[in-house]
Structures are given as structure tokens and as C-alpha cells.
**Q** 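Okay, here's the structure, questions in a sec.
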Amino acid sequence: MNYWLIKSEPFKYSWDHFVEEGQSMWDGVRNYQARNNMMAMKTGDQALFYHSNEGKEVVGIAKVSKEHYPDPTTDDPRWVVVNFVPVAKLPKAISLKQIKQDPTLQDMALVKHSRLSVAPLKAEEFDHIVALAYET
DNA sequence: GCCAACGTTGGC
DNA sequence: GCCAACGTTGGC
């Protein structure tokens, strides 16, 4: 199983909206690195859902419900989408600030390549962030 | 195939 | 709202 981090501007597509819909087609990715990451996703892989710009925090856990297929929102055959379903909302959102201050999370793409919208996560990083969120 | 111009993202 | 970082485009 692999772990990922997916970013969305809450203004465009928030976690709450995601939960409301119960499923999301992750479209609009127009970046090769991000696309390659999406193509590597397998059904059941877990992803942290991050709010960029507004909030700047990890708010929930999502899971891949459908592996990549051609992006129906464009005729351009280069782009793909994947589907996600919500797994759990984190009891406590983990802010970018907190991530940056955590020595074990310094290698995250979120820290190093802040513009990458779909990034791989190590299992340790995923577990660490989830553990932080469930701490009291 | 290089590189300048341009557009976009996202933190601050 | 600004700007740095970075990706993409297009002329040569």
C-alpha cells in the first residue's frame, strides 16, 4: 500500500464538500509530476487531504476508490483522474507550520516542493501525521 | 534543443 | 496582494 498527499484549495473543493459528495473525481491536474503520481496510485491507497492557501493544514484521510482513467473534463489524452472516497476526518487538523517544525517530516514534498499538488508520502510520514492528529 | 517569456501555484 | 519558485510554451 502506498500513501499520498493531495492538495485542494478549500475555496474550490473543500474537505466538507468532499464528505458531502461521498466520492470525488480528482480532476484538473495539469502537471506531469502530479499526474505520474496519480498514475501510480492503486485502489485502497490512502491519501492525506490538505487544504492549501486557506487553512494550510491536513484535514482528513481519503482513499483511492478508482485507479486512474482519462480525464473526462478535457480532450487532451495526456491527463488522467482518480477517484477518492473519504475515510476519516482528523480530530485535529495538522498545520503546515506544525509539519515544518517536525524534524521527522522535513523530507515531505509538501515542505520541499510546495507547489506539487499530488505528492507521495512515506508510510512513516503518513503514520506520524495521523498519530499527531489523534494525540490529545 | 536552448532559453526567454509567460503563467500558475501557494506561502507569507 | 506580493513575490519566489517552478513548469510550460514557443521562437529561433
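Quick note on labels: first sequence line is chain A, next is B, and so on, each numbered from 1.
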**Q** Under 4.0 Å: is that the gap between some side-chain N or O of A:Lys56 and OP1 or OP2 of B:dG10?
**A**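 Checking A:Lys56 against B:dG10: no side-chain N or O falls below 4.0 Å of OP1 or OP2.
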**Q** Please name the pair of heavy atoms, one in A:Val19 and one in A:Pro86, separated by the smallest distance, quoted to 0.1 Å.
**A**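 Looks like CA-CG, 4.0 Å.
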**Q** With a 4.5 Å cut-off on side-chain heavy atoms, are A:Met41 and A:Val118 touching?
**A**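 Sidechains of A:Met41 and A:Val118: in contact.
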**Q** Would you mind reading off the distance between A:Phe11 atom CZ and B:dG11 atom C1', rounded to a whole angstrom?
**A**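 Result: 18 Å.
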**Q** Can you check the A:Leu116 CG to C:dA4 P distance for me, whole Å?
**A**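 In whole Å, C:dA4 P and A:Leu116 CG are 22 Å from each other.
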**Q** On DNA chain B, nearest-nucleotide positions of A:Lys97 versus A:Lys12: which is more 5'?
**A**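 It is A:Lys12 whose nearest nucleotide is closer to the 5' end.
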**Q** What nucleic acid atoms does A:Lys100 come within less than 4.0 Å of, heavy atoms only: base, sugar-phosphate, or nothing?
**A**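 The residue A:Lys100 makes sugar-phosphate contact but no base contact.
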**Q** Nearest-Å distance, CD (A:Gln33) to P (C:dA5)?
**A**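 These atoms are roughly 17 Å apart.
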**Q** Roughly, in whole Å, what's the span from CZ in A:Arg78 to C1' in C:dT9?
**A**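 Checked: the CZ to C1' distance equals 11 Å.
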**Q** Round to the nearest Å and state the distance from A:Asn31 atom CG to C:dA5 atom P.
**A**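 Distance check: A:Asn31 CG to C:dA5 P gives 18 Å.
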**Q** For the base of C:dT8, is there a side-chain donor-acceptor partner from A:Arg30 under 3.5 Å away?
**A**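 Checked by distance alone, the answer is no.
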**Q** For A:Asn53 and for A:Tyr32, find the nucleotide of DNA chain C with the closest heavy atom, then tell me which residue's nucleotide is more 5'.
**A**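 Result: A:Asn53.
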**Q** Quick one: A:Glu9 CD to B:dT8 P, roughly how many Å, whole number?
**A**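 After rounding, the reported distance stands at 13 Å.
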**Q** Between A:His113 (NE2) and C:dC6 (C1'), how many Å, whole number?
**A**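 Distance, rounded to whole Å: 11 Å.
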**Q** Salt bridge or not for A:Asp107 and A:Lys122, using N-O below 4.0 Å?
**A**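 Yes, charged N to carboxylate O under 4.0 Å.
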**Q** If every non-hydrogen atom of A:Val130 is compared with every non-hydrogen atom of A:Leu48, which pair is closest and at what distance?
**A**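 The answer is CG2-CD2, 4.3 Å.
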**Q** Measure the spacing between CD of A:Glu67 and OG1 of A:Thr43 and express it to the nearest 0.5 Å.
**A**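 Here the interatomic distance stands at 4.0 Å.
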**Q** In whole Å, what is the span from the NZ atom of A:Lys7 to the C1' atom of B:dT8?
**A**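 That distance rounds to 12 Å.
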**Q** Looking at A:Tyr50, does any N or O in its side chain come under 4.0 Å of the phosphate oxygens OP1/OP2 on B:dT9?
**A**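 False: A:Tyr50 side-chain N/O out of range (4.0 Å or more) of B:dT9 OP1/OP2.
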